[in-house]
Structures are given as structure tokens and as C-alpha cells.
Colleague: 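Have a look at this one.
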Amino acid sequence: MAVLSSMIAYGVMSLLMTATPLAMTGCGFDAVAAGQVIQWHVLGMFGPSFFTGHLITRFGLYNVMITGVLLLAACVGISLSGIEFINFSVALLLLGVGWNFLFIGATTMITELHAPAERAKTQAANDLLVFGATATSSFLSGTLLHYFGWTTVNMVAMPFIGVALLLTVLLSVRSFRSARRLS
């Protein structure tokens with residue numbers, strides 16, 4: 001479940017991030033505007049990394065992951081609500097922060113679930129699957145945008161976001177029940 005959450009975090013992020021500059025130019029924005037939106041996205045991806053670990057410690061791994069999933073859903077909602085510069089900017093900022101919370105949470109979970117001797121192989125398998133999903137969604141992004149449009153690109157992300165939410169909630173409930181049994 002942790003690997004699937006990592007794959008979804010990176011796959012959704014790549015799908016939407018790759019299509020955004022193309023969608024923006026299709027809506028009449030220039031490369032400078034598209035570049036500014038990507039700058040906000042990169043800030044959203046990596047800026048929270050300074051405190052995501054602290055958030056996980058304070059609020060719990062699953063709460064941070066669920067927040068990440070909800071931010072990904074908010075990104076899609078904002079993207080679907082209009083094609084103004086502010087829509088693209090806010091959506092991509094939320095996409096970055098959502099990716100950060102979900103991906104860091106999922107990779108934290110992976111490292112906590114395995115013995116030290118298993119971690120290298122587990123991380124390698126995770127990376128293969130995550131970056132395979134990333135490459136696939138990146139290639140699919142332009143094709144979806146070209147043939148079906150910006151709305152479809154965003155709608156394709158929603159089932160994956162839903163799966164990530166379901167997985168994270170199930171893991172959270174399972175963890176809560178397990179902790180309750182132990183106490």
C-alpha cells in the first residue's frame with residue numbers, strides 16, 4: 001500500500017505538472033507565465049520538506065498523507081474551475097505540496113515497515129515502480145491533453161487520488177485498531 005501511494009503521488013504529480021505548461025500555452029499564455037507557474041509548483045514540492053518530518057511527528061503519518069491526498073484533489077478542483085493564471089498557479093502550488101506530503105509520508109512508511117537488511121531491496125523496488133509510473137504518466141500526459149483536453153487530464157487523475165485516499169484511510173484505521181489492541 002505504501003508503494004502504491006508513492007506511485008500515485010508521483011504519477012499524478014507528473015501527469016498534471018507535465019500537461020500544465022502545454023495547457024497554458026493552449027489557453028494563450030506565454031512561456032514566461034508557464035515558467036512562473038512551474039516555479040510555484042517546485043516551491044510547493046520542495047519547500048515543505050524542511051518541516052514535513054516535523055508535521056509527521058506532530059500530527060501523525062496518516063494525517064499528513066491524507067492532507068496530501070486532499071491537496072491533490074483540491075489541485076484538480078481548482079484546475080477544473082477555470083483557465084486563468086491564478087487557477088494554474090494555485091493548482092500547481094497545491095499539487096506540489098500534496099505530492100510532498102503524500103510521497104514523503106509513503107516513503108517514510110516504507111522505511112519503517114522493513115528490517116534494515118530488507119530496506120535497500122525494498123527501496124530499489126519502490127523506486128523502480130514509482131519512476132515507471134512517473135514515466136508512464138509523463139508520456140500519457142501530452143497525449144491526453146492533445147486528444148482529449150485539459151479537463152480530461154485532470155479527470156484522469158481523480159480515480160488515482162481516490163485510490164490513494166482509500167488506501168491511506170484504510171491504513172490509518174488499521175493502525176489505530178492495532179495501537180488500541182496493544183494498549
Colleague: Which is it for T20 and M24 under the side chain to side chain contact (heavy atoms under 4.5 Å, CB included) test, yes or no, and what are the steps along the way?
Modeller: CA-CA 6 Å; T20 296; M24 288 183 71; 4.0 Å; yes
Colleague: Nearest 0.5 Å, what's the CG-OG1 distance between L144 and T151?
Modeller: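 One gets 12.0 Å once the value is rounded to the nearest 0.5 Å.
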Colleague: Please determine whether side chain to side chain contact (heavy atoms under 4.5 Å, CB included) holds for the pair H54 and R58, giving the CA-CA distance in whole Å, both sets of side-chain angles, and the decisive distance to 0.1 Å.
Modeller: CA-CA 6 Å; H54 298 292; R58 180 172 177 148; over 6 Å; no
Colleague: Please check this pair: side chain of S175 against backbone of L171, looking for a donor-acceptor N/O pair closer than 3.5 Å.
Modeller: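 No, S175 side chain to L171 backbone: no donor-acceptor pair under 3.5 Å.
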Colleague: Can I get a per-line list of side-chain donor-acceptor pairs under 3.5 Å for residues 121-131, giving both atom names and the distance, sequence neighbours left out?
Modeller:
unit_1: T122; atom_1: OG1; unit_2: E118; atom_2: O; d: 2.8
unit_1: Q123; atom_1: NE2; unit_2: D127; atom_2: OD1; d: 3.1

Colleague: Return the set of residues passing side-chain contact (heavy atoms from CB on, under 4.5 Å) with E84 (not counting sequence neighbours), or none when no residue passes.
Modeller: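 Result, side-chain contact (heavy atoms from CB on, under 4.5 Å) vs E84: I86, N87.
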Colleague: Taking all atoms of both residues into account, what is the closest heavy-atom pair of I56 and G105, and its distance?
Modeller: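 For I56 and G105, the tightest heavy-atom pair comes out as CD1-CA, 4.2 Å.
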Colleague: For P21, check side-chain contact (heavy atoms from CB on, under 4.5 Å) against everything at least two apart and list the hits.
Modeller: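 Partners of P21 under the side-chain contact (heavy atoms from CB on, under 4.5 Å) test: A34, I38.
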Colleague: Among residues at least two apart in sequence or on other chains, which ones pass side-chain contact (heavy atoms from CB on, under 4.5 Å) with L22?
Modeller: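 L22 satisfies side-chain contact (heavy atoms from CB on, under 4.5 Å) with L145 once adjacent residues are dropped.
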Colleague: List, by chain and then residue number, the residues other than L93 in its hydrophobic cluster (Ile/Leu/Val/Met/Phe/Trp/Tyr, side-chain heavy atoms under 4.5 Å); write none if there are no others.
Modeller: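 Under the 4.5 Å side-chain rule, L93 groups with W40, L43.
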Colleague: If hydrophobic residues (ILVMFWY) are linked whenever their side-chain heavy atoms come closer than 4.5 Å, directly or via other members, who joins V32 in its cluster?
Modeller: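 Direct or chained contacts put V32 with none.
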Colleague: Identify each donor-acceptor pair in which a side-chain atom of residues 157-169 lies under 3.5 Å from a protein atom, sequence neighbours left out, and give them as a table.
Modeller:
unit_1: T168; atom_1: OG1; unit_2: A164; atom_2: O; d: 2.7

Colleague: Tell me, please, which residues at least two apart from V97 pass side-chain contact (heavy atoms from CB on, under 4.5 Å).
Modeller: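 Scan of V97 (side-chain contact (heavy atoms from CB on, under 4.5 Å), adjacent residues dropped) gives P48, L71, F101.
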Colleague: Which ILVMFWY residues are connected to F176, directly or by a chain of links, through side-chain heavy atoms under 4.5 Å apart?
Modeller: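 The other cluster members (ILVMFWY side chains, heavy atoms under 4.5 Å, direct or chained): none.
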Colleague: Do V156 and F139 share a hydrophobic cluster (ILVMFWY, side-chain heavy atoms under 4.5 Å, transitive)?
Modeller: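 Not linked; separate clusters.
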Colleague: Can you tell me how far the NE2 atom of H41 sits from the CG atom of L94, to the nearest 0.5 Å?
Modeller: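 Rounded to the nearest 0.5 Å, the NE2-CG separation comes out at 11.0 Å.
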Colleague: If you draw a 6.0 Å radius around CZ in F51, do more than 12 non-hydrogen atoms from other residues or ligands fall strictly inside?
Modeller: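 Yes, enclosed.
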Colleague: Which pairs, with at least one residue in residues 59-98 and sequence neighbours excluded, count as a ring-ring contact (aromatic ring centres under 6.0 Å, His included)?
Modeller: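 Those involving residues 59-98 are F29-F88, F88-W150.
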Colleague: Show me the side-chain donor-acceptor pairs of residues 4-19 shorter than 3.5 Å, one per line, residues at least two apart or across chains.
Modeller:
unit_1: S5; atom_1: OG; unit_2: M1; atom_2: O; d: 3.1
unit_1: S6; atom_1: OG; unit_2: A2; atom_2: O; d: 3.2
unit_1: S14; atom_1: OG; unit_2: T134; atom_2: O; d: 3.3
unit_1: T18; atom_1: OG1; unit_2: S14; atom_2: O; d: 2.7

Colleague: Could I get the full list of side-chain hydrogen bond (donor to acceptor under 3.5 Å, both in side chains) partners for S49, not counting sequence neighbours?
Modeller: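 Counting only residues at least two positions away or on another chain, S49 forms a side-chain hydrogen bond (donor to acceptor under 3.5 Å, both in side chains) with N100.
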